[in-house]
Amino acid sequence: MTSPIDTPDERVCERCGRIEHWNDDAITWNVAEQDENPAIGSVYCIHEWDINGAFVPVSDVDGDVDVDAKA
């Protein structure tokens with residue numbers, strides 16, 4: 001059975017551009033590669049991730065994200 005809760009699988013820092021992908025095996029975020037180099041951004045950045053109120057975490061059991069939240 002599919003979970004009705006969706007989680008992000010990618011995040012990007014709005015300040016430095018660091019890109020990370022979720023790794024299910026390691027249960028952690030991993031730095032993505034961009035042009036065969038890690039997209040690490042700035043080591044001094046306090047990352048502000050692009051996951052915000054626009055992300056819809058609830059879907060129906062079929063995996064559709066167009067669930068009417070008012071229902």
Side-chain angles (χ1 to χ4, degrees):
M1 179 175 182
T2 304
S3 172
I5 304 297
D6 293 325
T7 56
D9 58 1
E10 180 183 271
R11 63 185 186 182
V12 179
C13 177
E14 294 182 348
R15 295 179 182 204
C16 72
R18 178 185 180 107
I19 302 170
E20 295 183 345
H21 293 283
W22 182 253
N23 181 327
D24 282 330
D25 295 331
I27 311 173
T28 190
W29 291 98
N30 288 342
V31 176
E33 296 227 344
Q34 199 171 42
D35 300 326
E36 299 181 19
N37 296 308
I40 59 172
S42 170
V43 296
Y44 302 107
C45 183
I46 300 173
H47 302 299
E48 184 171 326
W49 302 111
D50 64 339
I51 300 167
N52 55 35
F55 179 78
V56 180
V58 180
S59 66
D60 65 18
V61 291
D62 294 330
D64 297 333
V65 294
D66 58 353
V67 174
D68 184 5
K70 295 177 187 175

For Ser42 and Cys16, which heavy atoms make the closest approach, and how far apart are they?
-> N-SG, 3.4 Å
Which of Glu20, Glu14, Arg15 passes side-chain contact (heavy atoms from CB on, under 4.5 Å) with Arg18? It is Glu20
Identify whether Trp29 and Ile27 are in the same connected component of the hydrophobic contact network (ILVMFWY, side-chain heavy atoms under 4.5 Å).
-> yes
Closest approach of Gln34 to Ile19 (non-hydrogen atoms, all atoms of both residues) = NE2-CD1, 3.6 Å
Do you know the tightest heavy-atom contact between Asp25 and Asn23?
-> N-OD1, 2.9 Å
Worked verdict on Asp9 versus His21 for side chain to side chain contact (heavy atoms under 4.5 Å, CB included) = CA-CA 6 Å; Asp9 58 1; His21 293 283; 5.9 Å; no
